[in-house]
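Worksheet for the structure shown next.
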Amino acid sequence: MNILTPQQMSACDQETISTAVPEILLMEAAARGTAEYAVEIINKEFADCSISPNKLKITILIGKGNNGGDGLAAARILKNWGYDPLIILACAQSDLTGINQENLALAKYYDLLIKEFSQISAENFSEIIQSSNLIIDALLGTGIKGKLRGNFKQIIALINKNRTKQNQQLLAVDIPSGINGFDGSIAGQALQADYTATMAAYKRGLLLYPGRDYSGQIKIIEIGIKPTTIKQKSDGLQLFTENDALKLLPRRRNDGHKGSFGKVGILAGSVGMTGAAYFSSRAAIKTGSGLVYLLTTAEVEQTVASQLPEIVGHILKAKSGHIAETALTDILEFSSQLDVLAVGPGLGQSKAIKEIITALLKNLKLPLIIDADGINAITDLNDLRDYQGELLLTPHPGEFAHLIGKDIADIEKQRIEIARNFASQYNLNLILKGAATVIAGKNQTAFLNQTGCNGMATAGSGDVLTGIVTALIGQGVSVFEAAALAVYLHGRAGENSALKLSDFSLTASNIIDNLGSLFKKLEIESC
Ligand SMILES: NC(=O)C1=CN([C@@H]2O[C@H](COP(=O)(O)OP(=O)(O)OC[C@H]3O[C@@H](n4cnc5c(N)ncnc54)[C@H](O)[C@@H]3O)[C@@H](O)[C@H]2O)[C@@H](O)CC1
Ligand SMILES: [K+]
């Protein structure tokens, strides 16, 4: 599912308007979809309350641009369906131009009650907001530029101050006012939507933080823009959905044996960091790997094997509790029998690990996943570009910042661009973790993930993701698709465990424990 920038969305609108569809028809479709969503919300949220649907107080806030035009037309449609919305304009009626002025005229023709904000006292406006059951926000859409100006600051502050928790919902048209559609940043202040009716395609700002926290439940309204136009104007960024997961989940052959479900290697663990080896190995087992080889020190192997007898240990030479540089030949030889190797969880930081990572990048050809301490041990970025097989890096923002020599804050501001450019530049696959994880592949292919929850920011969670992606690659999913699928599954398993246990109590083990029921659910849905 495409995710667009405001500029790309505007290009879709313009092309559709200039080639076929009058602008007012597009706006009418946007308004109708918004009105339908409003009715859906009313039926869902107010079914049990004593007020009959057509007596609910609906207040529609209108700005000067086309977002306001959508709201004006939606108000008229709701009125014609028997509701009685109040329109409040942020500007003077005479400030509206073009199709927005035409929609104002239609609203008057159908006897809608229209007020201008400047003509209402702050007390009166506050009372209106407090007593509204449904607030429809059509103040500012994707045309917002810079920080809030004029009376928008005051209007949004008053709405935020007077919103009530009971019997009130806020539906944003296209995007909550105050949220930047490009990067999800806040223009000083923003409205907190319970629902957003967004036109034609997701806008990036709805899915990136902090915008995601303001958008509530998002519905895409089909307004008559051809899917081919959207595809052509988009830059290829996609939202990874359940449908994608169902398509990519490996099909397990009934006549399969251990070897057909992947011989995967995990090079992990050191003294004091046994857990990382355990979590990644266990997640790989629980994601369907036929054979999981844990390449590690004798101490770590003993502890992990005592709790996870399913793994096959391969003991490496160690020095002071860490894998030694002298283990290198053994690792390279052992890797020749593997379908995929993951390197990094809990390795610790040492000169030996740096030497090993450099040598693996220079000598191996199999799909290679580098995570955690493995990423910290990369010494020359050119080694990544020169890798002879498929490569996947799975950094969190801190590891990525260290790798590319940038600040975390700078990365967060442009996480999509930076991840995509890095993956293209070094011809690799990348999972840039964090809220709204980006999965970037070669040639600018990219997915944005929306599953997961804050409880997953817990020790061992990243090791679990490494285990999942390793297992999927071992079962034949391409590295880029396995990366996206793994992030999605990891997030869903985390969400499911948080539903039972809360975000506070969620642990890495819980994420693994929930993989089984998630796979079961997806298996049933794919039938
Ligand atoms: N034909 C189209 O282009 C379509 C557009 N649609 C709607 O149109 C919206 C985009 O419309 P516009 O491009 O007119 O933009 P908006 O309606 O989002 O906002 C533009 C207005 O906001 C003002 N403004 C911008 N930044 C501001 C700030 N920081 N503080 C205060 N005022 C600010 C501008 O001066 C302008 O008056 C979409 O979000 C969508 O709702 C839909 O109707 C579908 C068709
Ligand atoms: K809006």
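Every number for a ligand or one of its atoms is a count from 1 in the order of the listing. Numbering of residues begins at 1 and proceeds along the displayed sequence.
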Using a strict cut-off of 4.0 Å, indicate which atoms of ligand 1 neighbour a heavy atom of Phe152.
31 (C), 32 (N)
Count the heavy atoms of every other residue, nucleotide or ligand shown that sit under 6.0 Å from NZ of Lys219, and state whether that count exceeds 12.
yes
What atoms of ligand 1 come closer than 4.0 angstrom to any heavy atom of Ile223?
44 (C)
Look up atom 2 (C) of ligand 1 and tell me if a protein heavy atom lies less than 4.0 Å from it?
yes
Among Lys44, Lys165, Arg163, which one satisfies salt bridge (Lys or Arg N to Asp or Glu O under 4.0 Å) with Asp194?
Arg163
Contact check, side chains of Leu515 and Thr287, non-hydrogen atoms, under 4.5 Å
yes
Considering non-hydrogen atoms of the protein only, which is the closest contact for atom 20 (C) of ligand 1, and what is the distance?
Gly65 CA, 4.0 Å
Main-chain N/O of Gly98 paired to Gln101 side chain as donor or acceptor, under 3.5 Å
no
Residue selection (non-hydrogen contact nearest atom 14 (O) of ligand 1) among Leu148, Ile156, Asn66
Asn66
Angle, O of Val173 through the K ion (ligand 2) to O of Ile175 - 10° precision:
70°
Can Phe125 and Asn162 be said to form a side chain to side chain contact (heavy atoms under 4.5 Å, CB included), step by step?
CA-CA 9 Å; Phe125 183 75; Asn162 288 288; 5.8 Å; no
When distances are taken from atom 39 (O) of ligand 1, the protein heavy atom at minimum range is Asp174 OD2, 2.5 Å
I need the atoms of ligand 1 closer than 4.0 Å to a non-hydrogen atom of Lys64, numbered in the order shown.
37 (O)
O (Leu140) to the K ion (ligand 2) to OD1 (Asn67), nearest 10°, is 70°
Any idea which part of Leu140 is under 4.0 Å from ligand 1, heavy-atom wise: side chain, backbone, both or neither?
both
With a cut-off of 4.0 Å, which atoms of ligand 1 are near a heavy atom of Gly141?
16 (P), 18 (O), 39 (O)
State the atoms of ligand 1, each with its element, that fall below the 4.0 Å cut-off from a heavy-atom position in Ile17.
1 (N)
Does Arg420 use its side chain to pair, donor to acceptor, with the backbone of Gln444 at less than 3.5 Å?
yes
Have a look at ligand 1 and work out which part of Asp13, if any, has a heavy atom under 4.0 Å from it: side chain, backbone, both or neither.
side chain
If you have a sec, work out which protein heavy atom is nearest atom 13 (O) of ligand 1 and how many Å separate them, to one decimal?
Gly143 CA, 4.0 Å
Answer yes or no for Pro176: is there an N/O/S atom below the 3.4 Å cut-off from the K ion (ligand 2)?
no
Which of the ligand 1 atoms, numbered from 1, are nearer than 4.0 Å to a heavy atom of Lys145:
25 (C), 26 (N), 27 (C), 28 (C), 29 (N)
Just checking Lys57: does its NZ atom have more than 12 heavy atoms from other residues, nucleotides or ligands closer to it than 6.0 angstrom?
no
Could you identify the single nearest non-hydrogen protein atom to atom 6 (N) of ligand 1 and state the distance to 0.1 Å?
Asp70 OD2, 3.8 Å
Where is the nearest protein heavy atom to atom 17 (O) of ligand 1: which residue, which atom, and how far?
Asn67 N, 3.0 Å
Got a protein heavy atom sitting under 4.0 Å from atom 10 (C) of ligand 1?
yes
Assess whether atom NZ of Lys226 is packed by more than 12 heavy atoms of other residues, nucleotides or ligands within 6.0 Å.
no
Which ligand 1 atoms does Glu23 reach within 4.0 Å, using its non-hydrogen atoms?
1 (N)
Heavy atoms from other residues, nucleotides or ligands near CG of Asp410 exceed 12 (cutoff 6.0 Å):
yes
Closest to the K ion (ligand 2), which N/O/S atom of Asp137 is it?
O
With the threshold set at under 4.0 angstrom, would you say Gly146 reaches ligand 1 through any of its heavy atoms?
yes
Could you tell me whether Asp174 and Lys203 have a side-chain N and a carboxylate O separated by less than 4.0 Å?
yes
Determine whether a donor-acceptor pair (N or O, by modelled atom type, separation under 3.5 Å) exists between the side chain of Ser424 and the backbone of Asn421.
no
Can you confirm whether Tyr214 sits close enough to Leu206 that some side-chain heavy atom of one is under 4.5 Å from a side-chain heavy atom of the other?
no
So which bit of Lys147 gets within less than 4.0 Å of ligand 1, heavy atoms only: side chain, backbone, both or neither?
backbone
Can you find an N or O of Ala30 that's nearer than 3.5 Å to an N or O of ligand 1?
no
Should the pair Phe240 and Tyr488 be assigned to parallel (<30°), tilted (30 to 60°) or perpendicular (>60°) ring geometry?
tilted
Find all atoms of ligand 1 within a distance of less than 4.0 Å from any non-hydrogen atom belonging to Ile144, and give their numbers and elements.
25 (C), 26 (N), 29 (N)
Is the shortest heavy-atom distance from the side chain of Leu134 to the side chain of Leu56 under 4.5 Å?
no
For atom 35 (O) of ligand 1, which candidate among Gln14, Met199, Met27, Arg149 provides the closest heavy atom?
Arg149
A side-chain contact here means heavy atoms from C-beta on lying under 4.5 Å apart; do Tyr195 and Glu45 qualify?
yes
